[in-house]
Participant: 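Before I ask anything, let me first share the structure, which is written out below as structure tokens.
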Amino acid sequence: MPSENPFALFRSECETALTHALQKVLPGIKVETLTFSKPPNIEFGQLASSLCFELGKKLNQKPGDLATHLAKTVGKQKFTLLNKVTAVGGYINFHVDFPKFSFLTLESIRQLGSVYGFVKTEKPLKIIVEHTSVNPLHPIHIGQARNPMLGDALARILKQRGHMVSRHYYIDDVGRQSSVIAYGYQKLGCPEPDEKADHFVGKIYTITSCLVEINRLRKNLELAKAVSPADEVARITKEIDEWMSIAAELKEKYPALFEKLMTKISEDENPEEEINKLNRAYEDGEPEAKRLIREVSELCLKGFRETQARVEVYYDSWDWESDFVWSAQVTEVLRKLKSSPFVYSENGVLEFDAEKVVRILNLKTKLGLGEDYVVPPLTLVRADGTTLYTTRDIAYSLWKFSRAEKVINVIGMEQSLAQLQLKIALYALGYDKYADNFVHFAYNLVTLPGYKMSSRRGRYITFDEVLDEAVERAYEEVSKRSPQLSEAEKREIANFVGIGAVRYALVDVDASKPVVFTWDRVLNFETNSAPYVQYTHARACSILRKAEKKPEKPAFELLTEKLERELVLALASFPDTFIEAAEFLKPNFLADYANSLADKFNTFYNALPVIKAEPRGLSDARLALTDAIRIVLHNALNSIGILAPERM
RNA sequence: GGGCGGGUAGCUCAGGACGGAUAGAGCAUCACCCUCCUAAGGUGGGGGUCGUGGGUUCAAAUCCCACCCCGCCCGCCA
């Protein structure tokens, strides 16, 4: 019978063993929980307890003596996987019965195949993972690309954990910036894109935004010259200069488009006002504004979908922010909030007193806030009656909770405060259960070493460029390494290698750490990269192919080399790693795991023969081992969205 | 000023939630290994005050306190 978690079986035997021994040796002593750690070296056993150090202190005995005594007592019991127990320097070390354990592990993996390691949760939940949600104004850039890579990996992992996961994309089409692009697009006569749609939209957006900004600043400057102090005038002048140099950059890059937009926009006396008008019209749901903004947004989203298909990221639902405004869900939320004691009006502006909620409902500890910390208030409604982003997001969150028990928002950590206020708003509305299950998965920014990325200024490296470059580099590599392959094969390999490399590079680093984007990081095809793990997988497949036989009579007791045992142990621990990755939302655990398993296998590969090993039983056992490694590498890569190739 | 995140080898990062045995990888660098299952590989060398200072503990990179440095946030932007 296969085990879905062989190592857990061993661990639980060790727990039982130690518990019994404790009862016998020290009947009066109560130990709350037994914790085990992995010894630094496999020769010390596979699990260890450091219990005797604290017990020794408590009982005024030498840890070494205690450990010896306990180990001896355990040794008298009978177990399946636990072979022997030793005492070394105060530690109690538990040794697994490798012949049995290898058999159990390898046979389990080979029987369970593509589901091995994906231990199902006991409490399956409906979970919405909202990720990416890049505004439809310009192509997804490398700074934003970390989001779908993390979000998609999380969604995959949670699904494999047995949850019902739905991936949502929130289209933020309400707000000034959407009107800016729509305005420029309209000025050009709503043209058909002559290139990838989002790139096309991005150019129009940047140029329009720049021209409108300059126009606005010039008006401000004239006003300031009349009424404001000199330093204010100087500040505006400086800002204009900055935008002028951006305009010069844009004019050089896209001369025709720039000219055309400049001519068209200069026809308007006050472009700023036109944009605001459009914005209001859209929020009011006027048909012409709706048609225009939806059209240009859809255009951009079409480009996004192409990019997402390249990296195999898909969504179950595309949620338009505007729908929440038009359907009165935002109004309804505001009504409820207004009737709570946590909302006040100030100078015609509606404010949400998050601090008051926290104080009255006693949430400080629950939310992990310091006693002295005062949560800033959140503006819900402007003086002109329009709502703000976070206000609308409250309505959206409630909508999400109407179709899921848990909501995970993959959003940059710069929005931590807004996400906190949103959570507090849920408590204020009495939705404690929602609030408790509202998770902000925060990740740190991706920056470029030279300058700050800025979408508004058109200064960014697009995700598409990065993918193209990665695939191109991979193509050069594969041509160099495997010139005998056909052109089609090379292209295919280059594609999954390049894209895998990018995915890996963006998932591998802990989400809380900032990433400085360098081509070197993404185009790394050596150890600690997707290509390395993919290559290792292909290598295992190659051995199995060349063997031309099935491991019919594997003699698992012959797997006595340290390398082999370390491999078996690593394979047996995959379920634990997976569970941790899922519970703590750490996709990088799986990337690291895959890399370290690949490391071990490559060492083994170089040191020991598989097919030609003698006797036959050993060869078969090593083949079974190789097969298990193939399966686990595949599963680990799969869970973070990276393809495991059979050849490369 | 307050909040959040980060600070581990020349560089990029694991490890940190749950304290344990000599702090691990990769890149770069130097020297090796394809008569052998894929060299996108492997072996070995050099390289560390785990930001600083205290504290708790038998035991601290890990926990607590203070401080320093970097990033982000504290808007009628999103």
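Proteins come first, then strands; the chains are lettered A, B, ... in the order of their sequence lines, and each starts at number 1.
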Participant: Could you check A/Leu623 against A/Val610 for side-chain contact (heavy atoms from CB on, under 4.5 Å), going step by step and ending with a plain yes or no?
Facilitator: CA-CA 6 Å; A/Leu623 267 178; A/Val610 175; 3.9 Å; yes
Participant: Search all heavy atoms of A/Phe525 against all heavy atoms of A/Ala501 and return the closest pair with its distance.
Facilitator: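 In this case the closest contact between A/Phe525 and A/Ala501 is CE2-CB, 3.8 Å.
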Participant: Mind checking if A/Val374 touches a base, just sugar-phosphate, or nothing, with heavy atoms under 4.0 Å?
Facilitator: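 The answer is nothing, as A/Val374 stays clear of every strand by at least 4.0 Å.
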Participant: Would you classify A/Glu646 as touching base, sugar-phosphate or nothing, given that sugar-phosphate means primed atoms plus P, OP1 and OP2, and contacts are heavy atoms under 4.0 Å?
Facilitator: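 If one applies the 4.0 Å heavy-atom cut-off, A/Glu646 turns out to touch a base.
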Participant: B/U52 pairs with which nucleotide, Watson-Crick or G-U wobble, both distances below 3.5 Å?
Facilitator: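 B/U52 is paired with B/A66.
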Participant: Given B/C58, is OP1 or OP2 found less than 4.0 Å from the side-chain N or O atoms of A/Lys57?
Facilitator: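 Looking at the OP1 and OP2 atoms of B/C58, one of them is under 4.0 Å from a side-chain N or O of A/Lys57.
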Participant: Ring centres under 6.0 Å, that's the criterion: do A/Tyr460 and A/His138 meet it?
Facilitator: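 Yes, they do, as the ring centres are separated by less than 6.0 Å.
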Participant: Base, sugar-phosphate or nothing for A/Tyr532? Non-hydrogen atoms, less than 4.0 Å.
Facilitator: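 Since only primed, P, OP1 and OP2 atoms lie under 4.0 Å of A/Tyr532, the category is sugar-phosphate.
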Participant: Does OP1 or OP2 of B/A40 have a side-chain N or O of A/Ser529 closer than 4.0 Å?
Facilitator: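 For B/A40, neither OP1 nor OP2 has a side-chain N or O of A/Ser529 closer than 4.0 Å.
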Participant: Using a 4.0 Å heavy-atom cut-off, does A/Pro376 contact any base of the nucleic acid, only the sugar-phosphate backbone, or nothing at all?
Facilitator: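 Sugar-phosphate: the residue A/Pro376, judged by heavy atoms under 4.0 Å, touches backbone atoms but no base.
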Participant: Give one of base, sugar-phosphate or nothing for A/Val509, where a contact means two heavy atoms less than 4.0 Å apart.
Facilitator: sugar-phosphate
Participant: Of the listed nucleotides (B/C73, B/A21, B/A28), which one gets closest to any side-chain atom of A/Ala48?
Facilitator: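 It is B/A21.
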Participant: Have a look at A/Leu388 and say if it touches a base, only the backbone sugar-phosphate, or nothing, with a 4.0 Å heavy-atom cut-off.
Facilitator: sugar-phosphate
Participant: In whole Å, measure the gap between the P atoms of B/C67 and B/A23 for me.
Facilitator: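 The answer is 31 Å between these two P atoms.
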Participant: Identify whether the glycosidic angle of B/C34 places it syn (within 90° of 0) or anti.
Facilitator: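 Classified syn.
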Participant: Under 4.0 Å, counting only non-hydrogen atoms across every strand here, what does A/Val375 touch: a base, just sugar-phosphate, or nothing?
Facilitator: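 Touches nothing.
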Participant: Which is true for A/Gln177 with a 4.0 Å heavy-atom rule: it touches a base, it touches only sugar-phosphate, or it touches nothing?
Facilitator: sugar-phosphate
Participant: Tell me what A/Leu417 touches on the nucleic acid: a base, only sugar-phosphate, or nothing, going by heavy atoms under 4.0 Å.
Facilitator: sugar-phosphate
Participant: Could you give the distance separating B/G16 and B/C37 at their C1' atoms, to the nearest angstrom?
Facilitator: 40 Å
Participant: Between B/G42, B/A40, B/C76, which nucleotide gets closest to the side-chain atoms of A/Arg481?
Facilitator: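 The nucleotide sitting nearest to the side chain is B/A40.
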Participant: Which nucleotide in the list B/G71, B/G75, B/G42 gets nearest to the side chain of A/Thr603?
Facilitator: B/G42
Participant: Please pick, from B/C76, B/G41, B/A40, the nucleotide with the shortest atom-to-atom distance to any side-chain atom of A/Phe525.
Facilitator: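 The listed nucleotide nearest to A/Phe525's side chain is B/A40.
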Participant: Classify the nucleic acid contact of A/Arg176 as base, sugar-phosphate or nothing, counting any heavy atom under 4.0 Å across all strands shown.
Facilitator: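 No contact.
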Participant: Within 45° of the axis and under 6.0 Å from the centre of the six-membered ring of A/Trp519, does NZ or CZ of A/Arg473 qualify?
Facilitator: no
Participant: Does B/G26 pair with anything, Watson-Crick or G-U wobble, both distances under 3.5 Å, and if so, with which nucleotide?
Facilitator: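 B/C11 is the nucleotide pairing with B/G26.
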Participant: May I ask you to verify if any side-chain N or O of A/Lys513 is less than 4.0 angstrom from the OP1 or OP2 atom of B/U12?
Facilitator: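 No, outside the criterion.
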